[in-house]
There are 2 protein chains.
Amino acid sequence: MSDRAMHATVDDVAALAGVSTATVSRCLNAPDRVLPATRKKVMEAIRTLNYSPNFGARALASRRTGIIGAVVPTLENAVFAHGIDAFEHALPEGKFALLVASYGYDPQREREQIEALVARGADGLLLVGFDRDPAIYEWLAIRKVPYVLAWACGDAHPYAGFDNVAGIVAMVRLVLDLGHRNISMLSGLTAGNDRARNRLEGARALLAEKGLSFRGVAEVPYGLENGARAFAELMADRAVTAVVCGNDVLAAGALRAAHRMGLRVPEDVTITGFDDIDIASITFPELTTVRVPHKRMGQEAATLLQHLIDRKSGQSILLPTKIVARGTHAPPPSYKNV
Amino acid sequence: MSDRAMHATVDDVAALAGVSTATVSRCLNAPDRVLPATRKKVMEAIRTLNYSPNFGARALASRRTGIIGAVVPTLENAVFAHGIDAFEHALPEGKFALLVASYGYDPQREREQIEALVARGADGLLLVGFDRDPAIYEWLAIRKVPYVLAWACGDAHPYAGFDNVAGIVAMVRLVLDLGHRNISMLSGLTAGNDRARNRLEGARALLAEKGLSFRGVAEVPYGLENGARAFAELMADRAVTAVVCGNDVLAAGALRAAHRMGLRVPEDVTITGFDDIDIASITFPELTTVRVPHKRMGQEAATLLQHLIDRKSGQSILLPTKIVARGTHAPPPSYKNV
DNA sequence: TTGTATGCGTTATCAC
DNA sequence: GTGATAACGCATACAA
């Protein structure tokens with residue numbers, strides 16, 4: 001046994017069990033390659049010595065850490081918190097651990113976080129969206145670090161996600177079908193954020209197709225207050241009868257602003273969200289929004305990433321979104337007077 | 001240079017820079033202990049070789065990983081998502097990375113997660129609350145793994161948190177002062193959860209002190225639906241004029257149920273929350289709740305844990321909670337008829 | 001099935 | 001300030 005009250009090592013265990021260190025190692029990493037009898041001896045020695053393998057040594061020798069990194073804009077956004085939670089649950093119990101880093105929507109910081117995780121020995125990465133400096137993808141390729149992108153889709157990289165354009169198009173179509181023609185959009189910041197950008201541009205494209213365009217567009221950072229403030233500005237244009245929001249938090253902020261402005265929803269104005277997070281069913285009235293399968297996405301991403309890590313074939317997966325029609329949509333006011 | 005297109009090692013860098021590996025190592029870990037001139041040479045070699053230190057080797061030799069583990073009940077609860085987010089931001093940029101694990105409020109799984117993180121070489125741990133098998137604390141002590149507890153307070157362990165009892169007591173006092181006497185409590189599950197238990201028992205104790213007791217008590221798992229359902233059951237007792245909830249999500253669920261039951265809030269029934277997460281200001285009316293400084297707590301926890309890891313003195317810190325009086329409280333209906 | 005011996009890439013302890 | 005060199009603890013070809 002090593003002197004002092006230090007941690008036991010394989011050597012200690014091997015000595016106590018009367019086997020070689022190789023056998024001890026096998027008991028831990030490939031139990032079926034050792035006789036049940038000797039395995040029993042070894043496991044007993046492990047228990048009595050209170051042994052647990054040294055992480056650094058294991059990583060150094062095996063060239064893998066069992067650590068998976070996830071780099072998200074922020075955990076404050078329920079969308080990512082839930083996705084990460086599901087992702088983590090889908091990781092095999094003892095095999096992997098999840099290293100989480102956030103970058104506050106700052107591309108430069110995202111890059112640093114990615115590098116930090118790889119430096120920490122991450123076996124694979126979960127990233128959000130496709131938008132990032134090509135140099136990052138090259139760097140990842142050189143390092144041979146597998147990754148999966150989520151919350152979006154595309155064919156340039158492996159992903160488990162959904163089509164933001166399809167989602168917003170379905171929603172705008174609903175609003176148009178209700179009869180709205182004076183529509184504004186309350187979007188999240190689109191710079192370096194393909195999810196926000198696709199939602200905004202997707203909506204814009206559909207309108208253009210119908211020969212229409214937005215009455216107004218606001219681009220604001222994530223946050224309740226930002227949504228509320230921007231909504232007030234958008235509604236300064238009294239012609240507007242519907243405000244399509246890029247995410248549920250902005251929509252919730254808009255809804256709160258509407259209440260405070262004395263506007264009735266949906267009688268006076270239609271407000272729609274995107275994501276269908278918890279708050280969407282807490283607002284009053286409950287929010288009409290686009291449901292995204294965050295949970296399932298997290299699971300699928302975990303599965304795909306493991307395949308890539310094991311060098312097995314991995315198939316990107318596109319999940320469907322769905323309109324959840326609740327209480328914040330209605331025909332425009334003018335229709336009621338017809 | 002190592003053969004193939006493998007990653008460069010210290011040896012490669014040392015060779016290219018014309019120095020020893022020791023000097024390369026120093027440049028990375030104690031730059032001031034090397035002459036600016038040689039440092040420049042080394043850094044250049046590092047850049048051209050695209051070198052980055054091997055994590056396992058570093059951990060093995062230095063006996064520290066720079067990884068900090070956080071074990072929370074779930075990331076789905078905004079309280080923990082925000083706290084973790086703040087905690088992570090407060091960690092020195094390149095020095096530490098955060099390993100996150102969740103256990104879905106299952107004590108057995110929490111234990112496994114703690115062990116997994118320690119096995120992954122975590123230099124320190126962030127845990128939630130005090131309630132857990134003493135064996136875990138002993139195990140941690142043997143392994144000499146520093147930890148900080150949050151979202152609660154106590155003198156048995158280092159913590160950065162707040163007093164759940166004081167928080168709920170202030171709230172119940174407010175409700176009592178409004179004139180309510182027929183109060184029910186909608187609590188989270190208290191088994192193995194000292195935060196929920198302290199909130200429930202703290203409230204109960206205050207009532208007892210006033211010679212009162214709850215009309216009814218419901219204990220339900222975290223979740224909007226659970227809150228809604230339990231609220232409906234609690235209100236089956238028509239005498240109840242106030243429902244104190246153990247957290248904001250349960251309160252939001254209760255509020256939604258109230259709407260659907262045709263109850264006016266706060267005219268017909270007072271509903272209060274705890275935590276002051278985002279949803280508290282999205283409900284209609286906005287929720288009267290207990291504000292907890294999640295962000296500050298995350299930061300303080302990070303600071304304290306780093307001190308403990310560096311074997312410096314660390315002082316537990318108790319953060320204050322505060323009543324946020326918004327729109328869901330009012331005197332009981334009977335008062336209006338007086 | 002089990003044991004032997006070597007390599008993994010850094011850090012740290014010495015001398016110089 | 002810098003250089004040689006010995007740990008660090010485990011995994012894994014290879015041999016038996």
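Here is how names work: the chains are called A, B, and so on, in the same order as the sequence lines, proteins then strands, and each is numbered from 1. Since the structure is predicted, the reported quantities are computational estimates derived from the model, not experimental observations.
With hydrogens and angles ignored, the 3.5 Å screen pairs no side-chain donor or acceptor of A:Asp194 with any backbone N or O of A:Gly129. Judged purely by atom type and a 3.5 angstrom limit, A:Asp106 has no side-chain atom pairing as donor or acceptor with the backbone of A:Tyr103. In this structure, the side chain of B:Arg39 engages the main chain of B:Pro31 through a donor-acceptor pair within 3.5 Å. Side-chain atoms of A:Glu300 never come within 3.5 Å of backbone atoms of A:Ala160 as a donor-acceptor pair (strictly under, hydrogens ignored). Looking only at distances, a side-chain donor or acceptor of A:Asn29 sits under 3.5 Å from a matching main-chain atom of A:Ser25.
What separates OH of B:Tyr51 from P of C:dG9 is a distance of 10 Å, to the nearest Å. Atom CG in A:Asp32 sits about 12 Å away from atom P in C:dT2, given to the nearest Å. Atom CZ of B:Arg64 is separated from atom P of C:dG9 by 23 Å (rounded to the nearest Å). The distance from atom CG of A:Asn29 to atom P of D:dT12 is 7 Å, rounded to the nearest whole Å.
Ring geometry for B:Phe162 against B:His294 counts as perpendicular: the plane angle is over 60°, on a 0 to 90° scale with 30° as the lower cut.
The ring pair (Phe, Tyr, Trp, His ring centres under 6.0 Å) contacts involving residues 66-94 of chain B comprise B:Phe80-B:Trp151, where partners must be two or more places apart or lie in separate chains.
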Please tabulate the protein-to-nucleotide N/O contacts below 3.5 Å involving nucleotides 6-8 of chain C, giving atom names and distances.
| from | atom 1 | to | atom 2 | distance (Å) |
| --- | --- | --- | --- | --- |
| C:dC8 | O3' | A:Arg63 | NH2 | 3.1 |

Taking N or O atoms only and anything under 3.5 Å, show me the protein contacts with nucleotides 2-4 of chain D, one pair per line.
| from | atom 1 | to | atom 2 | distance (Å) |
| --- | --- | --- | --- | --- |
| D:dT2 | OP1 | B:Thr38 | OG1 | 3.3 |
| D:dT2 | OP2 | B:Leu35 | N | 2.8 |
| D:dT2 | OP2 | B:Thr38 | OG1 | 3.3 |
| D:dG3 | OP2 | B:Ser20 | N | 3.2 |
| D:dG3 | OP2 | B:Ser20 | OG | 3.3 |
| D:dG3 | OP2 | B:Thr23 | OG1 | 2.5 |
| D:dG3 | N7 | B:Arg26 | NH2 | 3.2 |
| D:dG3 | O6 | B:Arg26 | NH2 | 2.7 |

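At the heavy-atom level, A:Phe55 lies nowhere under 4.0 Å from the strands shown. Within the 4.0 angstrom heavy-atom criterion, no nucleotide atom of any strand lies near A:Asp11.
In this structure, A:Ser25 does not reach the D:dC10 phosphate: none of its side-chain N or O atoms is under 4.0 Å from OP1 or OP2. The side chain of B:Arg58 contributes an N or O atom lying less than 4.0 Å from OP1 or OP2 of C:dT11.
Note that CD1 of A:Ile68 and NZ of A:Lys95 are 9.0 Å apart. Values are rounded to the nearest 0.5 Å.
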Chi angles and distances behind the salt bridge (Lys or Arg N to Asp or Glu O under 4.0 Å) call for A:Arg197, A:Asp131: CA-CA 10 Å; A:Arg197 181 155 37 71; A:Asp131 253 20; 2.3 Å; yes
